[in-house]
Amino acid sequence: MQIKSISIAKLTIPLIRPFITAIRQTDHVEDIVVMIKTDCGTIGYGSAAATPLITGDSKESIISAIQNIIAPKLIGKNINDFNQLLYIVQTAIKRNSSAKAAVDIALHDLLAKWCNLPLYQLLGGATNHIETCITISVKEAKVMAEEAKLLVAQGFTTLKIKVGLNAEDDIERIQAIRENIDHKIKILVDANQGWNAKSAIQVIQNIEKHHLNVALVEQPVKADDLVNLKYVRDSVNSFIVADEACFSPQDALAIAKNNVSDGINIKLMKCGGLDTANAIYHIANSASIGCMVGCMLESPIGVAAMTSFAVSKPNILYADLDPIALIKDNPIVGGAKLVGNQIYLANEPGLGIQGFNQGLELVSEIK
Ligand code: MG
């Protein structure tokens, strides 16, 4: 199965309500879609989300990296040389992890189709579904508490609470949500780098003192501040997760070596695809660091790829793959679907994606 052409397109999907974190706000998903076409007509689908404030990757840089650098190196290559293709993707250009992830996902989709297996089965998974948590954007405490109640009534049992604006209000937010929902509902707190070390310790110690039953706290301080991430971790009893602080296997090694965090949140857009995600997972496991999986605000293509990864691993603590629950309509035919609080993967070969109903705008085709 030889690669004949690679198409790049933009996919826009409106959200049900705006998505607001400590560092950004948006009301739609805008992905770059990659379609790798082969000589036998099979198409491998991948996608990348542009989150310049987190990955440094913009729509323009993702398109340029794929169109001008990565894709030309893959044309004419055979899918049975799979690991060599992944190596080409990872070494074609420095950084640009989102562009690499889109191509890596499409190559995995193709390999699974070539093997006539759903991707999750090819990766070694036996079950095609996983529970996802659901995100509550940072707003006034009262509004967040009401939203929490609503989401629990809809069947979600793990809530991801976005905080990180200021310590006093964040304590109030978490407290209001906890008081408004059953104690059995799990709460994950994500500061998205919004605190400094002192604020983080103040908030987390309050969570502990008031028994707010928070399962973990993600990325309390700035991404590149491993010293203070470790300081926060050493100063509290709560489970501290590195998200924006861990992009690569090298980051995971540094975190493990210096005992920086209790957990790592693996995301394809940060690490450059499923192959590198696997490397991070194994480093973390070897160092007894817990892994959760997450994603950017991205289309169900990336969600399907990360779900395939997550169900193939025995030690994933949480899956934060909720963009599929935040979009108004899913324009993708086939692929991952949300049922209650579970993401279900298709049982067709690859990611099970058959095409698009709407929202796709072709940018270029490399032959
Ligand atoms: Mg996070």
Side-chain angles (χ1 to χ4, degrees), residues 15 18-26 29 49-57 97-98 101 130-139 144 156 158-165 170 173-174 177 186-197 199-200 203-204 207 214-226 228-229 232-233 236 238-248 251-252 255 260-272 277 280-281 284 289-298 302-303 306-307 309-310 316-326:
L15 296 175
F19 183 84
I20 312 161
T21 74
I23 53 172
R24 67 188 184 120
Q25 172 167 356
T26 182
V29 172
T51 48
L53 283 172
I54 301 168
T55 58
D57 300 333
S97 56
S98 311
I130 195 165
E131 182 196 337
T132 180
C133 67
I134 185 98
T135 301
I136 300 178
S137 287
V138 56
K139 289 174 218 146
M144 291 174 82
F156 290 98
T158 307
L159 305 179
K160 165 75 90 75
I161 313 300
K162 293 288 188 184
V163 291
L165 293 188
D170 287 340
R173 289 182 176 102
I174 300 160
I177 290 168
K186 291 191 187 79
I187 290 181
L188 320 182
V189 165
D190 190 354
N192 287 109
Q193 315 176 55
W195 298 322
N196 58 32
S199 302
V203 176
I204 298 165
I207 288 170
V214 165
L216 58 82
V217 179
E218 255 181 71
Q219 200 61 49
V221 297
K222 292 272 179 270
D224 53 7
D225 190 359
L226 292 192
N228 273 313
L229 186 55
V232 172
R233 187 217 183 182
V236 299
S238 299
F239 194 94
I240 304 298
V241 174
D243 181 2
E244 290 94 324
C246 185
F247 269 57
S248 63
D251 292 340
I255 286 166
V260 169
S261 69
D262 302 289
I264 289 174
N265 188 345
I266 307 174
K267 295 178 180 171
L268 299 176
M269 293 306 124
K270 290 188 299 174
C271 70
I280 295 174
Y281 172 83
I289 293 172
C291 287
M292 62 179 286
V293 297
C295 59
M296 301 303 173
L297 194 57
E298 57 192 91
V303 170
M306 201 35 151
T307 303
F309 176 85
I316 297 294
L317 300 172
Y318 297 98
D320 176 16
L321 300 168
D322 65 355
I324 201 162
L326 308 178

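One-based numbering, in listed order, for ligands and for the atoms of each. Excluded from the calculations below are hydrogen atoms, water molecules and symmetry mates; all remaining heavy atoms, backbone and side chain alike, are included. Along the sequence shown, residues carry numbers from 1.
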Visitor: Side chains of Asp243 and Lys270: closer than 4.5 Å at any heavy-atom pair?
Guide: yes

Visitor: So, do Ile266 and Met306 sit near enough that their side-chain heavy atoms are less than 4.5 Å apart?
Guide: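 Yes, side chains in contact.
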
Visitor: Testing the basics here: between Ala215 and Leu188, what is the closest heavy-atom pair and its distance to 0.1 Å?
Guide: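 For Ala215 and Leu188, the tightest heavy-atom pair comes out as CB-CD2, 3.7 Å.
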
Visitor: Just wondering, do Asn192 and Glu244 contact through their side chains at under 4.5 Å, heavy atoms?
Guide: yes

Visitor: So that I can tick it off, tell me whether Asp320 and Lys267 are bridged by a salt bridge, with the cut-off set at under 4.0 angstrom between side-chain N and carboxylate O.
Guide: no

Visitor: Sort out for me which residue in Thr158, Thr135, Thr132 forms a side chain to side chain donor-acceptor pair (under 3.5 Å) with Asp322.
Guide: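 So, applying the side chain to side chain donor-acceptor pair (under 3.5 Å) to Asp322 and each of Thr158, Thr135, Thr132, only Thr135 qualifies.
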
Visitor: I'd like to verify the contacts: list protein N, O or S atoms under a distance of 2.8 Å from the Mg ion (ligand 1).
Guide: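 Near the Mg ion (ligand 1), the protein supplies Asp190 OD2, Glu218 OE1, Asp243 OD2.
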
